[in-house]
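Read through the structure below, which is laid out as structure tokens, and then see the notes.
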There are 2 protein chains.
Amino acid sequence: PRKFQKKIEKIAKNTKQIGKDDPRKIWHAFKVGLALTLVSLFYYTEPLFHNFDQPVMWAVLTVVVTFEFTAGATISKSINRGIGTALAGAFGLGAKYLAELIGREGPNPIILGVLVFIVGALGTFTRFYPHIKRRYDYGTMIFVLTFSLVAVSGYRSENIFQLAHRRISTILIGVFTVMIISMIIRPVWAGEDLHKLASTNLEKLASYLEGFGSEYFHISENKSVEGNNNNEKGFHEVFLSILGSKATEESLANLAWWEPPHGGFKFNHPWKQYLKIGSLVRKCACHLLALSNHINSKSQAPNEFERRTEEACKKMIMESKKALKELALSIKTMAQPISSIRNTKNVIDDLKLTLGTSKTLFQYDESRVLDFVPTASVVSLLIS
Amino acid sequence: PRKFQKKIEKIAKNTKQIGKDDPRKIWHAFKVGLALTLVSLFYYTEPLFHNFDQPVMWAVLTVVVTFEFTAGATISKSINRGIGTALAGAFGLGAKYLAELIGREGPNPIILGVLVFIVGALGTFTRFYPHIKRRYDYGTMIFVLTFSLVAVSGYRSENIFQLAHRRISTILIGVFTVMIISMIIRPVWAGEDLHKLASTNLEKLASYLEGFGSEYFHISENKSVEGNNNNEKGFHEVFLSILGSKATEESLANLAWWEPPHGGFKFNHPWKQYLKIGSLVRKCACHLLALSNHINSKSQAPNEFERRTEEACKKMIMESKKALKELALSIKTMAQPISSIRNTKNVIDDLKLTLGTSKTLFQYDESRVLDFVPTASVVSLLIS
């Protein structure tokens, strides 16, 4: 009993943590329960539908299967399900008709088997095409499923039309319930998450750069090696998380494509640009990592050269940081960034002048900023 | 018609490409088609099942929904589906019984509605727990689905037992068909993919290191800047792909957990160790990236120091490369690696001696190898 109590306490703690980290998850659970109850009760109170091949099943199934966390995923699945079912129903009826033409009494099972095999194999293979996989994976699966069901079901073609009509209307009711609830009650937009992710990542880079600048130029005299290492480890984590965000970004951009206009996002919001920003951010992180290694090697670097370029570098880091922050802000607020980026360009020119032909240490700085200028242009693109 | 023809040609080309890249995908499509046909025909030829609440539907649905590309994913989904359905069926019957006790004539719809809401919301929330999400996500979804279906279905408890019996046996037939076909006909093991991924990534690092060594010490005199840059860009790609492999690795390790012993993998093969190796490989890649930046800064480095340490470094790179290759090989063949790693340790000591206290440039080498020694120990762990 003691152990059991402890386990329960642990679960309660976990639950609290999840709710605290992202209260939208609790709302999501509530929304799914609501949709399920609505659909169930609707059918439960309609005696018309009772015992008629249980169409209620289709509504419940639709709700449970298509209700995803983000609105984009829900809409994508719903639309895929609706269209997949309708198309497959038509094809399935065609297949059945064909089999009945050939068979003497009732449909010919061999023809049906061959057709089911062909559709099953082709449909499954189609799901490997990148374009289909990205957007219509679920729809293809539903197509295979419904086609097989219709082709194999024991009904004759006569009463199957009525059946199909009822089934499709049931699925539509499920789909609309889900879509409306997911968009009206505290919607979780994939687009918004993507948007936030892009600006957060830029901010992370900026704050790292800030820490790096102060460490490299000011505190470096009495640098504590341990603190350094800790910092670097911390950055390693941040860095790996930024680099690992590619998969998340891609799926979010994918789902955002399905979402209707909301918030500040117009119809046809250029989601693909976020992916470009993301990949530039990742490259930038790579350069920063290389830069971070210079903290360790600093004491051995040639002092003469360092002194000559220190001023320009400080300015550069400051400006880069400012520019990154401004970019993050401008992505957040979707306003045009101007001031810092032009400044940064000036500073790059300054630095180039100072460096002349000798650019040992600071080519990293430079390549970083060169990396970072395209980011700026992408953002401008995004906003205009 | 011209356009249409071109489009068809393009699709044909794509198909060929997919088949060439991974012929297992074609086999997968074939397997799904086969399973679907078998299940359909089995039910089609059993007149017993005809028109009886269409249990065939459940078998077809099971096949389409649970048949995934890798054997691990298929087994995971199948088991989740089987257990989820059985448990939810029992709970659903309980809920119905409760509602019938309270309602005067037939089950009380309000009680049912409340119960469906609670199970729907709790079940959905449970899916956010990391442990559940990783392994039992699908099972939880099926639980919610089946519970709602049973609770809401129009049948009375009397004939529902027979129904449940039939439905569960149908699902079991679907599940077993899928599991057997996916494991017997050209199985695609997630574990094997994971295994290959780990050794390929190590090999990539080794071959990069090889290129780096020769470039840094031999060809560096007449180094062509362009070739350099190309190389670096190429490495950037490789590097990003290695860093991005985290998500793939995690899901593969997850799926491999479900797979029965196969090939050289025993029961309870330590899949988690692969994740550790993966994260070490990623860290190693970070260090190599830092190292790669030294190619550019080479000409400005202090020559005196360089000459003194060149020999040791060359040896070091050679040994590291060998050790990485041997690690890759030993992971591939699952044999104990010995020779090179001990060598590497010796070389590290050598280098430390040579370097004495001055370790500017080559701390990277060192930290890389220090990084890499734990990899070795992990591998030893893995094999023993």
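Predicted, not measured: the structure shown is a model, and the values here were computed from it. Reminder, nothing fancy here: chain letters follow the sequence lines and each chain counts from 1.
Taking both residues in full, the closest heavy atoms of Val144(B) and Val64(A) are given as CG1-CG2, 4.1 Å, listed atom of the first, atom of the second, then distance. Of all the heavy atoms in Leu61(A) and Leu145(B), the pair that sits closest is CA-CD1, 3.4 Å.
The candidate from Phe117(B), Phe69(B), Phe67(B) with the greatest count of non-hydrogen atom pairs under 4.5 Å with chain A is Phe117(B).
Both the backbone and the side chain of Ile11(B) have a heavy atom closer than 4.5 Å to some heavy atom of chain A.
A heavy-atom distance below 4.5 Å is not found between the side chains of Phe125(B) and Phe30(A).
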